[in-house]
Amino acid sequence: KMTTKSHNHSVQDTNNIGKKIEILTNLKTTPTIISRDLKIQGELFSTGIVEIQGTINGTINGNSIILREEGHIDGIVFAENFSIRGKFEGTIKAKNISIASKARVNGEIEYDILSVEDGACIDGHFKKK
């Protein structure tokens with residue numbers, strides 16, 4: 001009886017693991033990369049991860065936005081998570097904002113959670129949501 005119960009328990013665990021892997025796989029998305037030589041003017045919408053190495057003039061509406069060291073945004077960003085390592089000018093409305101040491105930020109920043117590394121260059125107005 002012990003062997004049977006143990007075996008049934010393993011089968012159930014295996015099924016749960018399979019379901020968890022399926023859920024994680026569905027949530028995982030390949031990031032969209034805006035390369036260095038790409039310049040976008042207008043609006044960008046994404047439910048996934050967007051890595052910006054190029055230049056964007058306009059509005060970005062997304063889930064997770066990563067502005068790389070060589071990237072530049074001039075405009076408005078609405079996001080759940082916004083990681084800034086490059087140059088940003090404009091307005092940010094995001095839940096979680098992370099500003100790295102090499103970042104240069106100028107503008108209006110509205111946030112729930114904010115983290116700033118030593119060395120970041122920031123000029124702007126901050127407002128906690």
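These figures come from a predicted structure and were not determined experimentally. Nothing fancy with the numbering, it's 1 onward along the sequence.
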Are [Y] and [X] linked, directly or through intermediate hydrophobic residues, by side-chain heavy-atom contacts shorter than 4.5 Å (ILVMFWY only)?
X      : Y      : answer
Ile56  : Val105 : yes
Val116 : Ile97  : yes
Ile73  : Ile76  : no
Ile92  : Ile122 : yes
Val77  : Leu114 : yes

Taking the side chain as every heavy atom from C-beta outward, state whether [X] and [Y] have any atom pair closer than 4.5 Å.
X     : Y     : result
Ile60 : Val50 : no
Leu44 : Asn61 : no
Phe78 : Thr59 : yes
Ile40 : Ile34 : yes

side-chain contact (heavy atoms from CB on, under 4.5 Å) for Leu67 and Glu51? Distances and angles first, verdict last. CA-CA 6 Å; Leu67 179 60; Glu51 288 189 31; over 6 Å; no
So how far is it from [X] [atom1] to [Y] [atom2], rounded to the nearest 0.5 Å?
X      : Y     : atom1 : atom2 : value
Arg36  : Glu70 : CZ    : CD    : 4.0 Å
Ile49  : Asn63 : CD1   : CG    : 8.0 Å
Asp74  : Lys87 : CG    : NZ    : 8.5 Å
Thr55  : Asp37 : OG1   : CG    : 10.0 Å
Ile109 : Lys93 : CD1   : NZ    : 12.5 Å
Ile65  : Thr32 : CD1   : OG1   : 9.0 Å

Between Phe82 and Phe88 (judged by ring centroids, cut-off 6.0 Å), do the two rings come close enough to count as a pair?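 Yes - the distance between ring centres of Phe82 and Phe88 falls below the 6.0 Å cut-off.
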Walk me through it: do Ile52 and Arg68 pass the test side-chain contact (heavy atoms from CB on, under 4.5 Å)? CA-CA 6 Å; Ile52 300 159; Arg68 296 280 178 213; over 6 Å; no
Lys95 vs Glu80, salt bridge (Lys or Arg N to Asp or Glu O under 4.0 Å): CA-CA, chis, key distance, verdict: CA-CA 5 Å; Lys95 278 192 178 177; Glu80 287 292 310; 3.6 Å; yes
Using the salt bridge (Lys or Arg N to Asp or Glu O under 4.0 Å) rule, collect all pairs that involve residues 115-129, keeping only residues at least two apart or in two chains.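 Every candidate salt bridge (Lys or Arg N to Asp or Glu O under 4.0 Å) pair involving residues 115-129 fails, so no pair, neighbours aside, qualifies.
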Indicate the atoms forming the closest heavy-atom contact of Ala100 with Ala120, along with that distance.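 Scanning both residues completely, I find the closest heavy atoms to be O-CB, 3.3 Å.
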